[in-house]
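To find a chain, count down the sequence lines: A is the first, B the second, and so on, and within it residues start at 1. These values consider heavy atoms only, across backbone and side chains, with no hydrogens, waters or symmetry-generated copies. Everything quoted here is computed from the prediction, not taken from an experiment.
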Number of protein chains: 2
Amino acid sequence: MPRTGLPRAFNRDEAVTAAMNLFWEHGFESTSLSQLRAVMGNISAASFYAAFDSKEALFREAVERYIYTYGDVTDRFRDTSLTSKAAIEQGLRQSARMQTENSHPLGCLLVLSAVKCSPEQHHIQELLAKERERVRGWLKSCIERGVANGELPDSTDIPMLLTLFETFLRGISIQARDHVPYETMDAAITQLMRVWDLSAKTTTQVGG
Amino acid sequence: MPRTGLPRAFNRDEAVTAAMNLFWEHGFESTSLSQLRAVMGNISAASFYAAFDSKEALFREAVERYIYTYGDVTDRFRDTSLTSKAAIEQGLRQSARMQTENSHPLGCLLVLSAVKCSPEQHHIQELLAKERERVRGWLKSCIERGVANGELPDSTDIPMLLTLFETFLRGISIQARDHVPYETMDAAITQLMRVWDLSAKTTTQVGG
DNA sequence: CGAGTTATGGATTGATCATTCTATATATTA
DNA sequence: TAATATATAGAATGATCAATCCATAACTCG
């Protein structure tokens with residue numbers, strides 16, 4: 001809260017959102033500072049660095065903003081008021097729906113915005129990998145809950161099921177970018193969930 | 001075949017392969033010409049431009065090289081000596097195996113190396129999108145063949161099945177980058193293919 | 001008003017980007 | 001050996017990159 005001095009001429013909050021959308025569309029490295037300053041209200045370089053430490057610091061803010069807004073669709077994986085199956089199914093459907101909306105860039109920012117970058121910015125890749133790992137943890141906990149509450153048998157191959165659903169989830173980002181419509185992905189999710197039912201029906205076997 | 005003049009001091013073929021690996025690892029835009037020249041045998045800029053028109057032209061050659069080498073795992077989708085189910089299953093397993101090998105960069109070059117780029121290089125994105133579309137076409141033909149030869153009922157929702165398998169296929173690239181091991185993806189594919197069996201067993205219904 | 005504080009515009013930094021140029025070295029062909 | 005052709009090294013091109021500097025404008029507080 002700046003108390004004295006010239007007040008900022010642009011809305012910092014709106015600027016972060018605009019930056020998030022640009023990073024989402026073009027990725028971290030391919031988004032230049034001049035492009036960012038343009039969408040942030042045609043602000044000068046001095047104004048930018050008075051408000052943000054660096055391009056990387058802005059990116060971190062943009063990622064945080066994404067997680068708490070569009071990225072919150074994966075919260076369903078943590079919703080214990082639903083059955084494990086419903087949590088996964090709804091998480092997948094919501095992700096597909098959000099990533100195919102045309103009111104913002106297609107796909108998931110956490111998957112797409114730094115899938116590749118120069119060696120000297122490897123830590124940016126790691127930042128997003130850590131966020132994906134968080135989602136993976138929720139998905140894993142959700143499946144483990146399904147085993148614990150009897151939805152799935154004790155013999156369930158948890159890493160396998162986790163990978164099945166997570167791989168599909170990650171693929172949604174590429175498919176959304178390639179303009180595969182939501183409805184088709186939604187239908188595919190319906191069939192994918194039948195694997196859950198098959199796992200649920202399997203009688204308990206001796207684990208290896 | 002140069003007949004006169006000073007012969008090239010570096011192996012053009014090996015240089016393209018080295019460039020392919022660098023593009024595969026870091027993507028088109030994040031790979032600089034100086035990095036390329038370094039791995040291509042510490043060649044000078046003049047030598048580079050004597051052998052290649054531009055960075056983009058080299059990238060196109062690298063993509064072509066990839067398609068005919070590592071990328072050929074998806075040829076299984078076109079193998080009509082197999083049942084449609086076997087073609088898809090083997091194509092998925094081979095893709096997962098190749099993309100997780102540690103003798104080269106992880107994931108698929110066609111999916112990862114230009115998923116994001118600056119607006120002025122949109123055509124690079126489109127180049128790779130077209131290659132992915134080709135694979136999508138093979139996958140679609142494979143499923144259609146399954147319907148035609150009776151493996152799948154006429155009521156089969158082809159776009160749905162296509163998207164189910166393609167979304168998983170695309171997800172493998174992200175998962176491989178995130179170091180998900182081949183064995184786990186292989187197990188997931190086994191379960192994914194059970195959806196095929198369910199589709200095959202479904203009695204013919206009135207289509208919508 | 002004057003002192004203190006902050007944001008701004010605009011020029012500038014040094015690095016790196018892809019690409020081109022010039023001069024020279026080395027090959028084949030006549 | 002002379003003419004021709006090609007590749008080379010190394011410097012230089014202009015553009016753009018993220019980031020910084022300086023002077024000035026505009027605000028609050030005393």
Side-chain angles (χ1 to χ4, degrees), chain A residues 1-16 18-19 22-23 25-62 113-114 116-125 127, chain B residues 1-16 18-19 22-23 26-62 113-114 116-124 127:
Chain A
M1 51 174 84
R3 297 194 58 80
T4 73
L6 182 63
R8 187 175 286 123
F10 67 97
N11 186 313
R12 197 183 185 281
D13 225 53
E14 290 173 4
V16 171
L22 207 58
F23 281 131
E25 178 67 35
H26 301 295
F28 175 71
E29 281 196 325
S30 295
T31 303
S32 70
L33 216 70
S34 48
Q35 289 173 322
L36 285 167
R37 281 162 36 212
V39 301
M40 291 165 89
N42 275 313
I43 63 175
S44 69
S47 295
F48 178 91
Y49 285 99
F52 305 95
D53 280 350
S54 63
K55 181 185 174 184
E56 178 175 334
L58 172 64
F59 182 70
R60 289 177 183 273
E61 275 201 55
S113 68
K116 298 284 178 132
C117 65
S118 341
E120 60 268 24
Q121 263 146 353
H122 185 66
H123 58 289
I124 295 284
Q125 277 181 290
L127 162 73
Chain B
M1 51 175 88
R3 298 195 56 81
T4 74
L6 184 63
R8 187 174 287 123
F10 66 96
N11 186 313
R12 196 184 184 281
D13 225 53
E14 290 173 5
V16 171
L22 206 56
F23 281 132
H26 301 295
F28 174 72
E29 281 197 324
S30 295
T31 303
S32 70
L33 215 72
S34 48
Q35 289 173 322
L36 286 167
R37 280 162 38 213
V39 300
M40 290 165 89
N42 275 311
I43 63 175
S44 69
S47 295
F48 179 91
Y49 286 98
F52 305 96
D53 280 350
S54 62
K55 179 185 173 183
E56 177 175 336
L58 171 64
F59 182 71
R60 289 177 184 273
E61 275 200 56
S113 68
K116 298 285 176 128
C117 65
S118 344
E120 60 267 22
Q121 263 147 351
H122 185 66
H123 58 289
I124 295 284
L127 162 73

field: Pairs touching residues 42-59 of chain B that satisfy salt bridge (Lys or Arg N to Asp or Glu O under 4.0 Å), sequence neighbours left out
entry: B/Glu56-B/Arg60
Taking atom [atom2] of [N] as reference, at what distance in whole Å does atom [atom1] of [X] sit?
X	N	atom1	atom2	result
B/Arg8	C/dT26	CZ	P	18 Å
B/Glu56	C/dC17	CD	P	18 Å
A/Met40	D/dA18	CE	C1'	14 Å
A/Arg37	D/dT20	CZ	P	14 Å
A/Gln121	C/dC17	CD	C1'	14 Å
A/Asp53	D/dA19	CG	P	10 Å
B/Glu120	C/dA18	CD	C1'	12 Å
B/Asn42	D/dG10	CG	P	12 Å

Name the nucleic acid region contacted by [X], choosing base, sugar-phosphate or nothing; use a 4.0 angstrom heavy-atom cut-off, strictly under.
X	answer
B/Thr31	sugar-phosphate
B/Ser30	nothing
A/Ala9	sugar-phosphate

Please tell me which of the listed nucleotides, [options], lies nearest to the side chain of [X]?
X	options	answer
A/Phe10	C/dT8, C/dA11, C/dT20	C/dT8
B/Leu33	C/dA25, C/dA18, C/dA7	C/dA18
A/Ala46	D/dC27, D/dA7, C/dT8	C/dT8
A/Ser32	D/dA18, D/dT28, C/dG10	D/dA18
B/Thr4	C/dT28, C/dT8, C/dT19	C/dT28
B/Tyr49	C/dA18, D/dT6, C/dT8	C/dA18

Validation row: B/Glu29, B/Gln121 side chains within 4.5 angstrom (heavy atoms): yes
May I ask you to evaluate whether [X] reaches the phosphate of [N], defined as a side-chain N or O under 4.0 Å from OP1 or OP2?
X	N	value
A/Ser44	C/dG9	yes
B/Ser47	D/dA9	yes
A/Ser34	D/dC17	yes

query: For B/Thr31, what residues pass the side chain to side chain donor-acceptor pair (under 3.5 Å) criterion, not counting sequence neighbours?
result: none
- request: Can you see which heavy atom on A/Ala15 is nearest to which on A/Met40, and at what distance?
  value: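 Heavy-atom minimum between the residues: O-CG, 3.6 Å.
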Donor-acceptor contact present, side-chain B/Arg12 to main-chain B/Ala51, <3.5 Å: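 Yes, because the side chain of B/Arg12 sits within donor-acceptor range (under 3.5 Å) of the backbone of B/Ala51.
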- prompt: For the atom pair OG (B/Ser30) and CZ (B/Phe23), what is the distance rounded to the nearest 0.5 Å?
  reply: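 Going from the OG atom of B/Ser30 to the CZ atom of B/Phe23 covers 11.0 Å.
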- line: Assert: residue with more 5' nearest nucleotide on DNA chain D, out of B/Leu6 and A/Phe28, is B/Leu6
